[in-house]
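Atoms within a ligand are numbered from 1 in the order they appear, just like the ligands themselves.
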Amino acid sequence: MKQQSTVAAISTPLGVGGIGIIRISGPDALTVAARVFRPVGARRLEDAPGYTALLGRVFDAAGEIDDAIATVFRAPRSYTGEDVAELSCHGGLYLLRRTLRAVLAAGAQPAGPGEFTKRAFLNGKLGLTQAEAVMDLIAAQGDQAARSALSARDGALFARIRAVNGGLLELAAHLSAWVDYPDDEIPEITGEEIGAALRRARDGLAGLLSTYDLGRVIREGVETAIVGRPNVGKSTLMNLLAGYQRSIVTDIPGTTRDVVEDTVNLDGAILRLADTAGLRDTDDEVESVGVALARRRLETAGLVLAVFDSSDPLTGEDRALIESLRGRPAVAVINKTDLPRRIDLAWVSERIPHTVQVSAKAGQGMRELSAAVNEVLGLHRLDGGAALLANERQRLCAQRAAAAVDEAISTLDDSFTFDAVGVCIDEAIAALLELTGERASEAVVNEVFARFCVGK
Ligand SMILES: Nc1nc2c(c(=O)[nH]1)N(C=O)[C@@H](CNc1ccc(C(=O)N[C@@H](CCC(=O)O)C(=O)O)cc1)CN2
Ligand SMILES: Nc1nc2c(ncn2[C@@H]2O[C@H](COP(=O)(O)OP(=O)(O)OP(=O)(O)O)[C@@H](O)[C@H]2O)c(=O)[nH]1
Ligand SMILES: [Mg+2]
């Protein structure tokens, strides 16, 4: 799929900055650039070798626009694999737009969303999961999201998928040889061997699919509900985590009514916090609406910070909350440990494995809290190089492959022909090749890159 057109776009943010870059890629990139760029020295842009820079000025029909540096890349040694010229101008929106207009007038087409990276993909510079990782890298909000995107960009996910697919391809080759040339001297493959290989693939895919939720947590953060009965210090904890006075704190039980939200980064874990109204039965109409909102947040949260008052014995409301959290991702936060303890700590920690003691008012115990949160979310196990499924497209492909492998296994168990097993294996392989982009339809590829920004 050779690209014949030459495209251009502003590749830096559309705002004021020190420098802004117009990127031009395609067979005519250097001649187009040379039409708007005049070097100050004697060297001509069209003759410049790859990976060199020239100082000059950019012009349009109306005259000089700006000082600029032109950077020359020659195919195939460029981001896209095509000839590329970059014009680094001053980063003003007017300057960049006017320069882009001049470049378009000189013969380039406007680049679509993600078009540079799409060309890199089509020219074999990047796999599809690697191209998606470039986008995730741009979108990363935290250290862990950036690290996992980097490792995907470096091919960690690709390698992991290839490992599964390699086993399936080998199996398919065996089966088709056996089916097509039953009389030849092909070492026979037994049902047991096929079964073992299929189970290996199934386990590999299950492992891959299990990374998806973790990936979402580090990219988007986790919905976290701060709950507990009134006055235990939920809002004080919220404010401590947020680093400023986000929520109203008073010693009057029933202070918080609305859900108060903020996003914080707790040692690499991005938490989308919701401070909620204290859980209790109340006749106050406004408060009871708040309590209903709190209960809904409690039900849907991906992580619960259940707060208790260390200086008070457990109440029925506390116990009911604890019981409802069994098996859920939750941390019991025993607050007000600066006061004499009257709570039955063992009762809590027997039921909620991650129990930490803090004083939100004094700012104590935060290290323990963040360690517990990271553990509950499974982030402590995450090493930088881990390969994670990064988006819904990838998850659906992996799921399709897993379903096809499952079907192959049950077809084998029901002792249908190897033929029928082979059909299921081919289906799994097709799903995995779509996942890596090694064999993806144009529609799939277009959809992936349509989500990118212009200039990338
Ligand atoms: N100015 C500028 N900065 C940028 C980019 C860019 O396109 N331009 N990038 C764009 O996203 C990223 C860097 N990514 C890049 C990846 C590969 C190549 C490249 O030229 N690869 C060649 C040559 C490698 C060599 O041998 O030195 C190749 O793969 O053949 C360039 C940029 C981030 N910073
Ligand atoms: N001694 C002590 N007091 C605390 C601590 N944390 C909170 N408090 C106090 O407890 C009272 C209630 O705090 P809030 O943060 O408003 O409690 P809440 O759980 O949000 O209460 P509601 O919004 O009414 O449900 C305030 O007077 C706080 O100053 C703590 O760690 N130690
Ligand atoms: Mg409150």
Side-chain angles (χ1 to χ4, degrees), residues 9 11-12 19-25 29 50-53 69-88 111 114-121 123-126 130-131 133-135 137-138 150 153-154 226-242 245-260 273-280 282 284 287 290-291 293-294 305-312 317-318 333-341 357-366 369 452-453 455-456:
S11 279
T12 42
I19 293 170
I21 297 179
I22 312 270
R23 183 154 56 172
I24 312 166
S25 180
Y51 270 88
T52 51
I69 301 248
T71 315
V72 174
F73 303 82
R74 290 198 177 264
R77 287 188 58 212
S78 71
Y79 180 66
T80 59
E82 305 173 325
D83 280 352
V84 170
E86 291 181 350
L87 300 173
S88 302
E115 185 152 2
F116 296 102
T117 308
K118 181 174 169 181
R119 288 178 176 218
F121 166 72
N123 289 323
K125 291 278 172 192
L126 293 167
Q130 290 164 296
V134 171
M135 275 317 280
L137 200 51
I138 291 173
L150 261 186
R153 195 253 355 235
D154 288 340
I226 305 178
V227 298
R229 76 184 150 74
N231 224 40
V232 293
K234 298 179 296 298
S235 299
T236 308
L237 179 65
M238 171 77 168
N239 292 346
L240 181 65
L241 292 173
Q245 213 211 325
R246 178 71 185 85
S247 230
I248 299 172
V249 169
T250 74
D251 56 7
I252 305 162
T255 298
T256 306
R257 273 121 188 262
D258 263 328
V259 176
V260 179
L273 295 174
D275 176 26
T276 63
L279 301 171
R280 69 168 167 187
T282 168
D284 184 307
E287 190 184 349
V291 172
L293 287 177
L305 300 182
V307 185
F308 305 95
D309 185 339
S310 167
S311 68
D312 250 3
E317 186 73 65
D318 288 334
V333 182
I334 313 294
N335 189 32
K336 308 198 189 182
T337 51
D338 52 297
L339 301 176
R341 180 164 74 187
Q357 304 187 51
V358 309
S359 169
K361 197 170 176 176
Q364 276 162 5
M366 286 306 109
L369 177 60
F452 282 37
C453 43
K456 185 59 238 173

Considering A294, S311, G233, which one's heavy-atom position lies nearest to atom 17 (O) of ligand 2? G233
What residue and atom, counting heavy atoms only, is the protein's closest point to atom 24 (C) of ligand 1, and at what distance? Y51 OH, 4.2 Å
If you count the atoms of ligand 2 from 1 in the order shown, which ones are under 4.0 Å from a heavy atom of T236? 6 (N), 7 (C), 13 (O), 14 (P), 15 (O), 28 (C)
Under 4.0 Å between heavy atoms, the region of T250 that gets near ligand 2 turns out to be backbone
At a 4.0 Å threshold, what atoms of ligand 2 neighbour a non-hydrogen atom of V232? 19 (O)
Using the side chain to side chain contact (heavy atoms under 4.5 Å, CB included) rule, pick out the option among V232, D338, I334 that qualifies with S310. I334
Looking at atom 3 (N) of ligand 2, what's its closest protein heavy atom, distance included? K361 CD, 3.5 Å
In sequence, state the C-alpha distance, the side-chain angles, and the governing distance for S25 and T80, and then conclude on side chain to side chain donor-acceptor pair (under 3.5 Å). CA-CA 7 Å; S25 180; T80 59; 2.8 Å; yes
Least distance between heavy atoms, L237 atom then M366 atom: CD1-CE, 4.0 Å
How about atom 34 (N) of ligand 1: does it have a protein heavy atom within less than 4.0 Å? no
So, taking the atom named CZ in R280 and the one named CG in N231, what distance separates them when rounded to the nearest 0.5 Å? 8.5 Å
I'd like to check which ligand 2 atoms, numbered from 1 as shown, lie under 4.0 Å from a non-hydrogen atom of I252. 24 (O)
Any N or O of N231 that comes nearer than 3.5 Å to an N or O of ligand 2? yes
Can a donor-acceptor pair be found, under 3.5 Å and without considering hydrogens, that links the side chain of R23 to the backbone of G455? yes
Which of the atoms of ligand 2 are close to L339, meaning less than 4.0 Å from one of its heavy atoms? 1 (N)
Measuring from atom 25 (O) of ligand 2, which candidate in K234, E287, R229 has the nearest non-hydrogen atom? K234
Could you state the interatomic distance from CG (L240) to CD (Q364), rounded to the nearest 0.5 Å? 10.5 Å
Under 4.0 Å from a heavy atom of P253: which atoms of ligand 2 are those, numbered in the order shown and with their elements? 24 (O)
What residue and atom, counting heavy atoms only, is the protein's closest point to atom 25 (C) of ligand 1, and at what distance? R77 NH2, 3.3 Å
Is there a side-chain contact between L305 and V227 (heavy atoms, below 4.5 Å)? no
Is the contact between V307 and ligand 2 made by the side chain, the backbone, both, or neither, using heavy atoms and a 4.0 Å cut-off? neither
Which is closest to atom 24 (O) of ligand 2 by heavy-atom distance: P230, G254, G228? G254
dist I19:CD1 -> T12:OG1 (nearest 0.5 Å) comes out at 9.5 Å
Between the CG atom in D312 and the CG atom in D318, the distance rounded to the nearest 0.5 Å is 8.0 Å
Working for side chain to side chain donor-acceptor pair (under 3.5 Å), residues S311 and D309: CA-CA 5 Å; S311 68; D309 185 339; 2.7 Å; yes
Contact with ligand 2 for D309, non-hydrogen, under 4.0 angstrom: no
Rounded to the nearest 0.5 Å, what's the gap from CG on L279 to CZ on R229? Could you check? 10.5 Å
T256 OG1 and S235 OG subtending at the Mg ion (ligand 3) (10° steps): 90°
Give a yes or no on this: more than 12 heavy atoms of other residues, nucleotides or ligands lie within 6.0 Å of atom CG of L339. yes
What protein heavy atom lies closest to atom 21 (N) of ligand 1? Include the residue and the distance to one decimal. S78 O, 3.6 Å
If you have a sec, work out which protein heavy atom is nearest atom 28 (C) of ligand 1 and how many Å separate them, to one decimal? K125 NZ, 3.1 Å
Donor-acceptor pair, side chain of S78 and main chain of E82, under 3.5 angstrom: yes
Quick test: of every protein heavy atom, which one is nearest to atom 15 (C) of ligand 1, and how far off is it to 0.1 Å? Y79 CD1, 3.6 Å
With a 4.0 Å heavy-atom cut-off (strictly under), which part of S88 contacts ligand 1: side chain, backbone, both or neither? neither
Which option, D251, D338, D275, owns the non-hydrogen atom nearest atom 2 (C) of ligand 2? D338
Side chain to side chain donor-acceptor pair (under 3.5 Å) between S235 and D275, intermediate numbers included: CA-CA 6 Å; S235 299; D275 176 26; 2.6 Å; yes
Kindly indicate whether a cation-pi arrangement holds for K456 with Y79, taking the cut-offs as under 6.0 Å to the six-membered ring centre and within 45° of the axis. yes
protein heavy-atom neighbour closest to atom 6 (N) of ligand 2 works out as N335 ND2, 3.1 Å
Are any of the heavy atoms in F116 under 4.0 Å away from ligand 1? no
Would you mind reporting whether D83 and I24 have side-chain heavy atoms less than 4.5 Å apart? no
Heavy-atom side-chain proximity of T256 to I248 below 4.5 angstrom: no
Quick one: look at S235 and ligand 2, take heavy-atom pairs under 4.0 Å, and tell me if it's side chain, backbone, both or neither. both
Do me a favour and list the nearest non-hydrogen protein atom to atom 8 (N) of ligand 1 with residue, atom name and distance? E86 OE2, 2.5 Å
Please check this pair: side chain of T255 against backbone of I252, looking for a donor-acceptor N/O pair closer than 3.5 Å. yes
Salt bridge or not for R257 and D284, using N-O below 4.0 Å? yes
Please check if a non-hydrogen protein atom sits closer than 4.0 Å to atom 12 (C) of ligand 1. no
Short check: is a protein heavy atom less than 4.0 Å from atom 3 (N) of ligand 1? no
Quick one: which ligand 1 atoms are inside 4.0 Å of a heavy atom on P76? 30 (O)
Under 3.5 Å: N/O of A360 near N/O of ligand 2: yes
Return the residue, atom name and 0.1 Å-rounded distance of the protein heavy atom closest to atom 8 (N) of ligand 2. K336 CE, 3.7 Å
d(N335 CG, K234 NZ) to nearest 0.5 Å is 10.0 Å
Looking only at distance, does I248 have an N or O less than 3.5 Å from an N or O of ligand 2? no
Using a 4.0 Å cutoff against the non-hydrogen atoms of G278, which atoms of ligand 2 qualify? 25 (O)
With heavy atoms of K456 as the reference, note each atom of ligand 1 found under 4.0 Å away. 10 (C), 11 (O)
Taking only heavy atoms of R23, which atoms of ligand 1 are found under 4.0 Å from at least one of them? 6 (C), 7 (O), 10 (C)
